Enquirer: 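One structure follows; several queries about it will come next.
The structure displayed is predicted, hence computed values, not measured ones.
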Amino acid sequence: MANPYSAYKKQSVTTMTPVEVIIKMYSEIERQLAIGVCAIEEVKDIKKANDALIKAQELLGALRGALDMSVPISKNLEDLYVFFQNEAMKANISKDATEIKKIIPMIADLRDAFTQISQMTKEEIEEQAKNNAKKK
């Protein structure tokens, strides 16, 4: 018999909405970056830091790959993802977590924004988009 926890995890992921998947990815990126920071600064475990920062970069790459570039905000998100990937890569090379600590709150803000969006109705999202377009 298969591991019941693994089956549950697989089922929970396959039933997620696209926005829920994005939120989960942001959370995992935050977690991996935090592991990287801890491994660099506290436990001085270079392999653990390397593994965590590479996982964060891969997740950011997956987010980039999933962008629909016909949606106007996608270019801005792509630029952020590239920036985050570069910061993780530089921190991994230098083993300096300073910049990573600066981007973790930015990723948390994105996660929170997507969480808010996931709780809005389609009408509320459309109304918000109209209001933003009027401000420009």
Side-chain angles (χ1 to χ4, degrees):
M1 182 173 158
N3 180 340
Y5 180 71
S6 293
Y8 165 77
K9 267 181 85 170
K10 183 176 181 180
Q11 176 65 28
S12 69
V13 170
T14 58
T15 59
M16 291 176 140
T17 67
V19 173
E20 289 172 330
V21 172
I22 291 169
I23 293 165
K24 190 145 190 92
M25 288 180 75
Y26 281 136
S27 294
E28 185 60 20
I29 291 165
E30 281 182 271
R31 190 174 88 77
Q32 292 301 325
L33 292 175
I35 290 169
V37 168
C38 179
I40 290 168
E41 294 186 341
E42 295 173 26
V43 295
K44 310 289 190 222
D45 186 337
I46 291 174
K47 181 176 178 355
K48 186 174 184 175
N50 179 62
D51 292 346
L53 294 174
I54 286 175
K55 283 179 189 173
Q57 290 173 65
E58 289 171 349
L59 289 165
L60 288 160
L63 285 173
R64 278 183 67 201
L67 288 171
D68 178 355
M69 296 311 282
S70 68
V71 178
I73 190 133
S74 292
K75 179 60 180 142
N76 294 340
L77 286 171
E78 181 181 41
D79 290 345
L80 281 172
Y81 298 159
V82 168
F83 171 72
F84 296 152
Q85 281 182 303
N86 287 338
E87 292 304 309
M89 183 179 59
K90 287 191 287 188
N92 200 8
I93 291 168
S94 68
K95 296 303 183 253
D96 180 356
T98 305
E99 297 305 313
I100 295 297
K101 290 192 277 187
K102 291 178 184 175
I103 67 170
I104 290 173
M106 295 174 181
I107 293 168
D109 288 345
L110 284 170
R111 184 201 64 237
D112 293 345
F114 273 90
T115 300
Q116 286 180 338
I117 290 167
S118 75
Q119 296 167 350
M120 295 170 71
T121 64
K122 184 178 179 182
E123 293 77 21
E124 290 172 325
I125 293 169
E126 289 170 356
E127 184 64 31
Q128 184 76 32
K130 278 186 207 174
N131 290 338
N132 287 340
K134 287 179 186 176
K135 290 177 184 177
K136 290 182 178 180

Enquirer: With a 4.5 Å heavy-atom cut-off, do Ser118 and Ile23 have their side chains touching?
Expert: yes
Enquirer: State yes or no: do Ile100 and Ile46 share one hydrophobic cluster built from I, L, V, M, F, W and Y residues joined by side-chain heavy-atom distances below 4.5 Å, directly or via other members?
Expert: no
Enquirer: Gln116: which residues meet the side-chain contact (heavy atoms from CB on, under 4.5 Å) condition with it, sequence neighbours left out?
Expert: none
Enquirer: Tell me, do Leu63 and Leu67 make a side-chain contact under 4.5 Å, heavy atoms counted?
Expert: no
Enquirer: If the condition is side-chain contact (heavy atoms from CB on, under 4.5 Å), which residues does Ser94 pass it with, not counting sequence neighbours?
Expert: Asp96
Enquirer: Roughly how far, to the nearest 0.5 Å, is CG of Leu110 from CG of Leu77?
Expert: 6.5 Å
Enquirer: Between Val19 and Phe114, which heavy-atom pair has the shortest distance, and what is it?
Expert: CG1-O, 3.6 Å
Enquirer: Can you list, by chain and residue number, the hydrophobic cluster partners of Val43 when the side-chain cut-off is 4.5 Å?
Expert: none
Enquirer: Donor-acceptor pairs under 3.5 Å, side chain of residues 30-41 to any protein atom, not counting sequence neighbours: which ones?
Expert:
| residue | atom | partner | partner atom | Å |
| --- | --- | --- | --- | --- |
| Glu30 | OE1 | Arg111 | NH1 | 2.0 |
| Glu30 | OE2 | Arg111 | NH1 | 3.0 |
| Arg31 | NE | Glu28 | OE1 | 3.0 |
| Arg31 | NE | Glu28 | OE2 | 3.4 |
| Arg31 | NH2 | Glu28 | OE2 | 3.1 |
| Gln32 | NE2 | Glu28 | OE2 | 2.7 |
| Glu41 | OE1 | Lys101 | NZ | 3.3 |
| Glu41 | OE2 | Lys101 | NZ | 2.9 |

Enquirer: Got a sec, which residues hit side-chain hydrogen bond (donor to acceptor under 3.5 Å, both in side chains) with Glu58, two or more places apart in sequence or on another chain?
Expert: none
Enquirer: Output the rest of the hydrophobic cluster of Met89: all Ile, Leu, Val, Met, Phe, Trp and Tyr residues reachable through side-chain heavy-atom contacts under 4.5 Å, sorted by chain and number.
Expert: Ile93
Enquirer: If we only count heavy atoms from C-beta on, is the Phe84 to Gln57 side-chain gap below 4.5 Å?
Expert: no
Enquirer: What pairs meet the salt bridge (Lys or Arg N to Asp or Glu O under 4.0 Å) rule with one or both residues in residues 78-95, with sequence neighbours excluded?
Expert: Arg64-Glu78, Lys75-Glu78, Lys75-Asp79, Glu87-Lys90
Enquirer: Is there side-chain contact between Tyr26 and Asp109, with at least one heavy-atom pair below 4.5 Å?
Expert: no
Enquirer: Just wondering, do Val21 and Lys24 contact through their side chains at under 4.5 Å, heavy atoms?
Expert: no
Enquirer: Of all residues at least two apart in sequence or in a different chain, which pass the side-chain hydrogen bond (donor to acceptor under 3.5 Å, both in side chains) check with Asp68?
Expert: Ser70
Enquirer: Identify, with sequence neighbours excluded, every residue that meets salt bridge (Lys or Arg N to Asp or Glu O under 4.0 Å) alongside Glu99.
Expert: Lys102
Enquirer: side-chain hydrogen bond (donor to acceptor under 3.5 Å, both in side chains) with Asp112: which residues, sequence neighbours excluded?
Expert: none
Enquirer: Report the residues that fulfil ring pair (Phe, Tyr, Trp, His ring centres under 6.0 Å) with Tyr81, sequence neighbours left out, ordered by chain and then residue number.
Expert: none
Enquirer: Roughly how far, to the nearest 0.5 Å, is CD1 of Ile29 from CD1 of Ile103?
Expert: 9.0 Å
Enquirer: Identify each donor-acceptor pair in which a side-chain atom of residues 49-56 lies under 3.5 Å from a protein atom, sequence neighbours left out, and give them as a table.
Expert:
| residue | atom | partner | partner atom | Å |
| --- | --- | --- | --- | --- |
| Asn50 | OD1 | Asn92 | ND2 | 2.8 |
| Asp51 | OD2 | Lys47 | NZ | 2.8 |

Enquirer: Is any side-chain heavy atom of Leu60 less than 4.5 Å from a side-chain heavy atom of Val82?
Expert: no
